[in-house]
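Okay, so here's the structure we're looking at.
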Amino acid sequence: GENVEQHPSTLSVQEGDSAVIKCTYSDSASNYFPWYKQELGKRPQLIIDIRSNVGEKKDQRIAVTLNKTAKHFSLHITETQPEDSAVYFCASKGGGSQGNLIFGKGTKLSVKP
Amino acid sequence: ETGVTQTPRHLVMGMTNKKSLKCEQHLGHNAMYWYKQSAKKPLELMFVYNFKEQTENNSVPSRFSPECPNSSHLFLHLHTLQPEDSALYLCASSQEGVRGSYNEQFFGPGTRLTVL
């Protein structure tokens with residue numbers, strides 16, 4: 001079945017710096033790659049997603065890139081702020097009959113003021 | 001209330017108890033999901049209901065029993081749980097279309113379950 005690897009598991013940056021989180025997936029038929037942010041004690045919330053027919057997508061300080069050939073996608077956060085501190089999960093929607101989301105293990109991002 | 005709601009938010013139960021978790025979505029979606037979130041593990045998909053029909057059961061032990069009476073409500077019945085079942089149980093919903101479509105999953109706030 002589909003497997004999603006996410007790195008790093010923890011990331012600490014200074015306010016204003018950039019943060020990059022990387023994920024790889026195994027199912028070449030996967031076609032949808034969302035990123036969720038989960039603040040402490042709260043529910044996961046979608047922050048950005050990308051479809052397999054697009055290589056890059058940007059929304060203000062957040063961008064996601066997709067390399068279908070290498071089967072990896074990345075989240076880029078620029079000009080980080082303390083409120084960006086949270087756990088970030090990548091996910092891949094498989095190409096199988098159900099196509100359910102498979103999540104990575106998460107990256108705990110800490111932004112130090 | 002809007003979005004996806006879950007009750008109770010916290011639950012402590014003994015191994016011999018029977019309890020149920022409830023999820024309700026107010027988004028008009030046709031698919032609902034149960035996930036288990038444990039420390040240092042990825043979100044684990046447990047069950048999927050699409051148009052009220054269970055379409056996925058990821059080898060979940062029979063002590064977890066889902067029920068989906070309609071497209072807006074989802075229950076998870078718990079019986080004879082083990083301490084290792086302690087986790088955050090998240091419900092989610094989405095609007096699914098044809099095979100291969102992709103739509104955002106909206107999560108509920110979760111139920112923090114502790115099994116003594």
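Please read these numbers as outputs of a predicted model, since none were measured by experiment. Convention: sequence-line order gives letters A, B, ...; per-chain numbering from 1.
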query: Is B:L116 atom CG crowded by more than 12 heavy atoms from other residues, nucleotides or ligands, each under 6.0 Å away?
result: yes
message: Hydrophobic cluster membership, with links at side-chain heavy-atom distances under 4.5 Å among I/L/V/M/F/W/Y: are B:L76 and B:V12 in one?
response: no
field: Common cluster, A:L11/A:F89, ILVMFWY with side-chain heavy-atom separation under 4.5 Å
entry: no
- prompt: Can you tell me if CD on A:E79 sees more than 12 non-hydrogen neighbours from other groups inside 6.0 Å?
  reply: no
- prompt: With hydrophobic residues grouped by side-chain heavy-atom distances under 4.5 Å, do A:Y32 and A:I48 end up in a single group?
  reply: no
- prompt: When you look at NZ of A:K57, are more than 12 heavy atoms from neighbouring residues, nucleotides or ligands closer to it than 6.0 Å?
  reply: yes
message: Applying side chain to side chain contact (heavy atoms under 4.5 Å, CB included) to B:F107 and A:K42, what does each step give before you reach the verdict?
response: CA-CA 10 Å; B:F107 284 86; A:K42 296 190 176 180; over 6 Å; no
message: Please classify the contact of B:L43 with chain A as side chain, backbone, both or neither, using a heavy-atom distance under 4.5 Å.
response: both
Other residues, nucleotides, ligands: >12 heavy atoms within 6.0 Å of A:Q60 CD: no
task: Check whether A:W35 and A:V87 end up in the same hydrophobic cluster, where Ile, Leu, Val, Met, Phe, Trp and Tyr are linked by side-chain heavy atoms less than 4.5 Å apart.
output: no
- prompt: In Å, rounded to the nearest 0.5 Å, how long is the span from OG of B:S94 to CG of A:L46?
  reply: 12.0 Å
message: Membership question, hydrophobic clusters at under 4.5 Å side-chain separation (ILVMFWY): are A:I21 and A:F33 in the same one?
response: yes
- line: dist B:Q105:CD -> A:N100:CG (nearest 0.5 Å) comes out at 7.5 Å
Nearest atoms (heavy-atom pairs only) where A:R43 meets B:G108: CB-O, 3.1 Å
message: Using every non-hydrogen atom in the two residues, find where A:G104 and B:P42 come nearest and quote the distance to one decimal.
response: O-CB, 3.4 Å
Any side-chain heavy-atom pair of A:P44 and B:L90 under 4.5 Å: yes
task: Tell me the residues of residues 32-39 of chain B whose non-hydrogen atoms fall below 4.5 Å from those of chain A, in number order.
output: B:Y33, B:Y35, B:Q37
